[in-house]
Amino acid sequence: MLKIKPKYPNTEVVNLKLSLRSRKILEHYADYTGLTEAQVLEELLPHLLEDDDFIKFIESKRSNKRMKRELGIDYV
């Protein structure tokens, strides 16, 4: 029997304040992709880790091991 695993484990409900424009972009993009709004965010947010300036910001933090662990970034 094939076992199906949840695509987004360890999820929790959060409240976000978004502008009307951002909510509409998210709503329409979810409609376009056939995903839920939460799934769209799950797919898009990891791409923020490709921002070199964000990675430099993380590296500049004095105690960044916890932050790297939380973000799934390899650290030594």
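Bear in mind that the values here come from a model prediction, so they are computed numbers and not experimental data.
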Query raised in the report: How about K61 and K68: do any of their side-chain heavy atoms sit closer than 4.5 Å?
Result: no
**Report entry** E43 side, atom CD; T33 side, atom OG1 - distance, nearest 0.5 Å
**Finding:** 8.5 Å
Report task. Check L48 against F54 and note the closest heavy-atom contact, atom names and distance. Result -> O-CD2, 3.6 Å
Query raised in the report: Should I73 and L44 be counted in the same cluster of Ile, Leu, Val, Met, Phe, Trp and Tyr side chains packed under 4.5 Å apart?
Result: no
Report task. Indicate, with yes or no, if L45 and Y29 share a hydrophobic cluster defined by side-chain heavy-atom contacts under 4.5 Å among Ile, Leu, Val, Met, Phe, Trp and Tyr. Result -> yes
Query raised in the report: Would a hydrophobic clustering, with Ile, Leu, Val, Met, Phe, Trp and Tyr connected at side-chain separations under 4.5 Å, put L26 with L20?
Result: no
Report summary line: Distance col, row H28:NE2 vs E37:CD, nearest 0.5 angstrom, shows 10.0 Å
Query raised in the report: CD1 of I58 to CG of L49: how many Å apart, nearest 0.5 Å?
Result: 6.5 Å
Report task. Calculate, to the nearest 0.5 Å, the distance between atoms CD and NZ belonging to Q39 and K7 respectively. Result -> 7.0 Å
Query raised in the report: Is K24 salt-bridged to E27, going by a charged N under 4.0 Å from an acidic O?
Result: yes
Query raised in the report: At their closest point, which heavy atom of L18 faces which heavy atom of R23, and how far apart are they?
Result: O-NH1, 3.2 Å
Requested in this report: Using the rule that two of Ile, Leu, Val, Met, Phe, Trp, Tyr join whenever any of their side-chain heavy atoms come within less than 4.5 Å, decide whether L41 and Y32 are in one cluster.
Outcome: yes
Report summary line: Tightest non-hydrogen contact, residues A30 and T36, listed as CB-C, 3.9 Å
**Report entry** In one Ile/Leu/Val/Met/Phe/Trp/Tyr side-chain cluster, 4.5 Å: F57, L71
**Finding:** yes
